[in-house]
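Structure, as structure tokens:
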Amino acid sequence: MMQKKDHLDLQNKNSHLRFKTIFEQTSLGNKFINSDLKIIKVNKALIRLLGYSEKELVGTRITDIVLPEFVENWKKLQRELWLNKKPSFSIDTCIIKKDRSIVWCHITSILLTDRGETLGYTILEDISERKALENELKDVANRELLFQRQLLEATINTQEKERSRIASDLHNGLGQLLYGIKFSLDQVKFENSEQQMESVLAIKRAKELISVCINDTRRISHDLMPTILDDFGLKQAIQDICQNIDETININCRDYIVDFQYMSK
């Protein structure tokens, strides 16, 4: 019986030594915390990671060296381990180093009993690089989203301006011309020879206005969707636009490239 007890004591001692070796030699920051989140013991890796001495860390509550917005995470860990009796719990948190810089850590805390006290054996993994990459990807995504929104706004603004221009063309151009045609036709009467002459002139004027209406309709339609683009493609459409631009601008169109050379008048 005595030999069995000695054997168990030896096993426990060896197990304790192995655990102590792992605790001290691991490259990950390790610490023990109690149910009040007070730091009981730290390893060398944690001291190197945070820059505090062992004396500065032991006896300090972990919540005293984390960013305020992460305190609630630690309180949740505290509730889940010691109140809800979960065997382990993990969080991501930001810890303030001694030099006041911030280190992102993934925390895994495991409950164990030592000399009748339930402690949290806590492993800290530095994930600052991963978080930096995540933030960079998030920034890229946000910039892309912002660009898409700006592009959408620009497209909508352009469409609104185009609608306003077309409305103006229709109202001030075609609308006025059609009103002029109606007015001219209202003058048409054939009751006597004098009215007949005036009516011929009115009809002639109406025909002229109808021709202007046809040209304006073609122009508005061409501005909306140049038929040359459908019929002959982008290259010919660009060349057609070039030919219709003011002569003060010299434009060279070749191989889908437009070179603009502004000439002095």
Side-chain angles (χ1 to χ4, degrees), residues 69 92 104 129-265:
E69 56 264 37
D92 286 350
W104 270 99
E129 289 186 7
R130 190 186 82 190
K131 284 293 183 179
L133 180 59
E134 288 177 0
N135 290 334
E136 185 177 344
L137 292 174
K138 192 178 294 183
D139 288 342
V140 170
N142 288 337
R143 287 197 296 270
E144 178 65 21
L145 181 61
L146 177 61
F147 172 75
Q148 291 177 357
R149 287 177 178 172
Q150 291 174 336
L151 183 61
L152 178 60
E153 289 176 3
T155 302
I156 292 173
N157 289 337
T158 301
Q159 290 175 342
E160 290 299 323
K161 289 179 181 178
E162 186 65 9
R163 290 191 184 98
S164 297
R165 184 189 66 78
I166 294 170
S168 177
D169 284 349
L170 291 174
H171 180 269
N172 300 328
L174 284 176
Q176 297 302 318
L177 288 170
L178 292 171
Y179 178 80
I181 292 170
K182 180 180 181 301
F183 179 79
S184 295
L185 294 177
D186 285 343
Q187 310 306 310
V188 175
K189 295 178 181 178
F190 295 97
E191 296 176 359
N192 54 56
S193 58
E194 182 178 346
Q195 288 180 340
Q196 288 179 358
M197 181 61 66
E198 291 177 353
S199 295
V200 170
L201 292 175
I203 291 172
K204 182 179 179 182
R205 176 60 181 162
K207 289 176 65 178
E208 291 173 350
L209 291 175
I210 289 172
S211 295
V212 175
C213 281
I214 292 171
N215 289 333
D216 273 8
T217 301
R218 286 175 177 169
R219 177 183 59 79
I220 293 172
S221 175
H222 185 274
D223 287 345
L224 286 174
M225 181 60 185
T227 57
I228 193 171
L229 185 59
D230 277 340
D231 295 338
F232 301 103
L234 180 61
K235 181 177 181 180
Q236 187 60 45
I238 293 176
Q239 289 176 339
D240 182 64
I241 292 171
C242 293
Q243 291 171 2
N244 287 284
I245 292 182
D246 194 280
E247 293 180 354
T248 58
I249 302 177
N250 181 26
I251 300 180
N252 229 345
C253 296
R254 60 179 184 274
D255 296 329
Y256 293 90
I257 298 176
V258 183
D259 297 327
F260 292 87
Q261 297 176 348
Y262 290 89
M263 300 173 58
S264 58
K265 292 185 179 180

- Note on the structure: Rounding to 0.5 Å, atoms CD1 (Ile203) and CD1 (Ile181) come to a distance of 13.0 Å

- Task: Write out all pairs satisfying salt bridge (Lys or Arg N to Asp or Glu O under 4.0 Å) with one or both partners inside residues 199-210, taking only residues at least two apart or from two chains.
- Result: Arg205-Glu208

- Item | Nearest-0.5 Å distance that lies between atom CG in Leu145 and atom CD in Gln150 | 10.0 Å

- Task: Output all residues satisfying side-chain hydrogen bond (donor to acceptor under 3.5 Å, both in side chains) with Glu129, sequence neighbours left out; order by chain, then residue number.
- Result: none

- Task: Among residues two or more places apart or on two chains, list those pairs meeting salt bridge (Lys or Arg N to Asp or Glu O under 4.0 Å) that have a residue in residues 131-148.
- Result: Asp92-Lys131, Arg130-Glu134, Lys131-Glu134

- Hey, what do you get for CG (Leu152) to CG (Asn157), rounding to the nearest 0.5 Å? 9.5 Å

- Message: Could you measure the distance from the CD1 atom of Ile210 to the CG atom of Leu178? Nearest 0.5 Å is fine.
- Response: 8.5 Å

- Query: Nearest 0.5 Å, what's the CG-CG distance between Leu137 and Asn142?
  - Reply: 11.0 Å

